[in-house]
Amino acid sequence: MVLVVLAAVAFLLLSRPESEKSPPTDNQLITKEKDTSTTGDRPAVKKAAPEEKSPENTTGNQEKKPAGPQVVLRVEWGEEEGKLGRSRSEEGNPEGPMAFWVGEGGEIYVLDQVNSRVQVFKDGKVVRSFALPAVTYQDFAFDSRGRMVALDRFVRDEAALFDENGRPTGSVKLTGEHIAEGGLVTAVYYRPDGVWAEVNNEKLVRIADADGKAVSPREVVPGRFSRDGRLLLSAALDGKQAAAVFVRPLSQTQEAKLLARVEFPIPVLQLTALESDLSGRILLAAYLARFRETEPYDAFEQYEQVVVLAPDGQETARINFAPRPLAEEVFHPVFITPAGVIYQMVFEERGVTFWRYAP
Amino acid sequence: MKCWFLAGVFLAAFCLVASARADCPQISREQIATLAQSAMGYSYWWGHGRWRMDHTQLGSCSGSCPDCTHSGSYGADCSGLAGKVWQVPRASDVTEDYHPYSTYNFRYDTDKCWTQVSRGSTMYRADAVVYNTDGSGHIMIYDSGNAWGTPVVWECKDCSYGCVHGTHTVSTSYIGIRRHCCPKSDRFRHRFAYSIGSSSL
């Protein structure tokens with residue numbers, strides 16, 4: 001009799017669905033029950049198209065764009081000039097180039113930190129290259145004069161400064177007032193008034209003046225500067241498949257205003273870019289993915305999506321970019337130029353591909 | 001007769017599972033977080049897992065692992081950190097050099113002290129994300145997620161970085177794994193914690 005009772009208990013315990021073992025959160029319920037391909041008011045978005053074929057794109061009024069993102073550069077993995085470094089070990093963090101930057105002439109600057117250098121590509125060829133003092137830089141930015149700041153959050157705890165010719169000119173310590181931990185810095189900017197570090201995708205802290213000298217006290221603003229210099233932008237996930245975009249005047253006398261709530265067709269893994277262009281449009285990029293709930297727990301649908309908002313928050317375009325499924329860490333996979341042209345960097349087994357789209 | 005046989009099989013299976021899980025020491029998510037934080041700043045040490053709570057003798061690493069050179073007696077690699085802070089498969093003092101599992105074990109073994117969880121599910125503090133493909137792997141302990149959904153993790157990153165805490169973009173190659181035995185009471189939802197009008201839960 002005891003055995004029967006024990007067996008019954010065992011059977012019940014072992015057959016209990018995983019979902020019953022702990023109360024599901026709202027997010028989990030949405031994942032399991034919401035069929036995003038049919039319930040959303042936006043057009044259904046198919047799995048990102050195979051490489052070489054531009055992903056399907058839509059606009060807010062359902063118009064088809066004549067062409068999607070195009071490949072503008074492919075670079076093989078390697079150490080030689082003209083190749084980009086990839087690091088993969090048996091037990092350690094895999095990484096490729098952490099960030100890239102696009103100049104006014106369309107030249108692509110790649111933070112090839114695995115090879116301790118920055119390489120500049122134009123028309124498929126390297127036109128310039130300069131050395132970095134370490135392999136642990138994760139982000140970089142340029143000012144209008146071509147001076148560079150490079151971010152080392154973990155080892156050197158610094159924003160390293162370089163002149164127009166790529167020569168080191170000094171560095172500024174990251175941690176200090178308003179930056180408790182270098183690892184929480186999520187971006188670096190080189191503006192006419194100096195160097196700013198973004199903390200946890202929430203606030204900017206001015207760490208150096210225009211001459212590269214550390215400033216004290218440090219100024220803080222609650223968001224990113226818009227390109228026209230009039231607004232501060234910020235964004236936050238709002239549930240599993242949406243994000244809120246906020247704007248506030250630079251004067252900071254007013255509260256942040258909700259500009260738009262952007263819904264996505266499938267769950268957001270992470271927001272990947274928030275930028276404006278000189279015409280006042282605001283662009284929000286998100287990496288979207290749906291995962292299997294059982295082995296192999298892989299993503300069966302994934303791609304990057306960029307939503308373009310007019311200055312009044314109205315959606316004007318939605319562009320799908322290629323999936324980025326490899327394990328290599330990247331710090332900034334999307335770059336948006338002052339003209340609003342979107343670039344995406346994708347790691348593949350054979351190398352790195354750069355996509356471009358002008359909405 | 002058939003029912004009795006099936007009941008016996010279930011009972012045996014239950015006992016096996018129960019005994020296997022009973023070997024995993026009880027540990028809370030906050031204890032895991034405290035252990036992980038105590039390792040930050042230590043050097044990356046290929047195939048090892050030990051450090052000190054007084055945060056001294058950090059050691060150093062140079063070169064490219066596995067052909068790297070480590071100096072000092074303390075440090076950890078990514079799976080060494082995970083095994084130690086999760087205290088699996090047994091309790092182990094942080095100063096004991098103990099490295100029971102590789103990323104392969106964390107990714108593919110299902111009969112140990114952890115459960116695989118979909119990345120589509122909510123991640124909790126002290127969960128881990130792991131990948132292992134074609135002989136390469138990495139594992140990180142999940143701390144929280146920020147407003148953008150960017151994970152903040154503890155990891156022994158590699159020889160150049162050492163053991164660090166910070167934001168880390170985690171690709172879809174990684175799956176989630178969750179340590180058994182963590183009381184539900186200290187589970188805390190971190191991802192998607194931000195919503196309009198509130199900055200926390």
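Below, all heavy atoms of this structure are taken into account, side chains as well, without hydrogens, waters or symmetry copies. Note on naming: letters A, B, ... go to the chains in the order of the sequence lines (proteins, then strands), and numbering restarts at 1 for each one.
The 12-atom threshold is exceeded at OH of B:Y98, counting heavy atoms of other residues, nucleotides or ligands nearer than 6.0 Å.
Under the side chain to side chain contact (heavy atoms under 4.5 Å, CB included) rule, A:L184 has a single partner from B:N146, B:V152, B:T150, which is B:V152. Checking A:Y287, A:Y297, A:F300 one by one against B:T172, the side chain to side chain contact (heavy atoms under 4.5 Å, CB included) holds for a single residue, A:Y287.
For the options A:D152, A:D298, A:T272, heavy-atom pairs under 4.5 Å to chain B are most numerous at A:T272. Counting heavy-atom pairs under 4.5 Å between each of A:A242, A:P333, A:A327, A:G183 and chain B puts A:A327 at the top.
Counting heavy atoms from C-beta on, the side chains of B:S173 and A:E328 never come closer than 4.5 Å. A:E329 is listed as a side-chain neighbour of B:K157, based on a closest heavy-atom distance under 4.5 Å. Residues A:P94 and B:Y131 form a side-chain contact, since some pair of their non-hydrogen atoms from C-beta on lies under 4.5 Å apart.
Distance check: B:T169 OG1 to A:Q138 CD gives 9.0 Å after rounding to the nearest 0.5 Å. The line from OG of B:S160 to CD of A:Q113 is 10.0 Å long, rounded to the nearest 0.5 Å. Atom CG of A:N200 is separated from atom CH2 of B:W148 by 11.0 Å, given to the nearest 0.5 angstrom. Interatomic distance, CD of A:E295 versus OG1 of B:T110, reported as 8.0 Å (0.5 Å rounding).
For A:E181, the part lying under 4.5 angstrom from a heavy atom of chain B is the side chain only. For A:A289, the part lying near chain B is the side chain, with the backbone staying farther off; criterion is any non-hydrogen pair under 4.5 Å. Looking at A:P296, the atoms closer than 4.5 Å to chain B (heavy atoms on both sides) sit in the backbone and in the side chain alike. The parts of A:L274 that come within reach of chain B are both its backbone and its side chain, each placing non-hydrogen atoms under 4.5 angstrom from that chain. Interface remark: A:N201 contributes backbone and side-chain atoms alike to the contact with chain B (heavy atom separation under 4.5 Å). Residue contact with chain B, scored on non-hydrogen atoms closer than 4.5 Å, involves the backbone and the side chain of A:V135 alike. Residue A:T294 does not touch chain B at all, counting heavy-atom pairs closer than 4.5 Å. No part of A:A256 comes within reach of chain B, as not one of its non-hydrogen atoms sits under 4.5 angstrom from that chain.
Nearest approach of B:S171 to A:P325, heavy atoms of both residues: OG-O, 3.8 Å. Heavy-atom minimum distance, A:N93 versus B:H138: N-ND1, 3.4 Å. Listed here is the closest heavy atom pair of A:G92 and B:C78: N-SG, 3.8 Å. The two residues A:R292 and B:S118 make their nearest non-hydrogen contact at O-OG, 3.2 Å.
With B:T103 contributing its side chain and A:E91 its backbone, the two residues share no donor-acceptor pair below 3.5 Å.
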Review point. Do B:I175 and A:F291 pass the side chain to side chain contact (heavy atoms under 4.5 Å, CB included) test, and can you show the C-alpha distance, the side-chain angles, and the key distance before you say yes or no?
Key: CA-CA 9 Å; B:I175 70 162; A:F291 293 89; over 6 Å; no
Practice item. Evaluate the side chain to side chain contact (heavy atoms under 4.5 Å, CB included) criterion for residues A:V155 and B:Y161: first the C-alpha distance (whole Å), next the side-chain angles of each, then the deciding distance (0.1 Å), finally the verdict. Key: CA-CA 6 Å; A:V155 179; B:Y161 288 91; 4.2 Å; yes
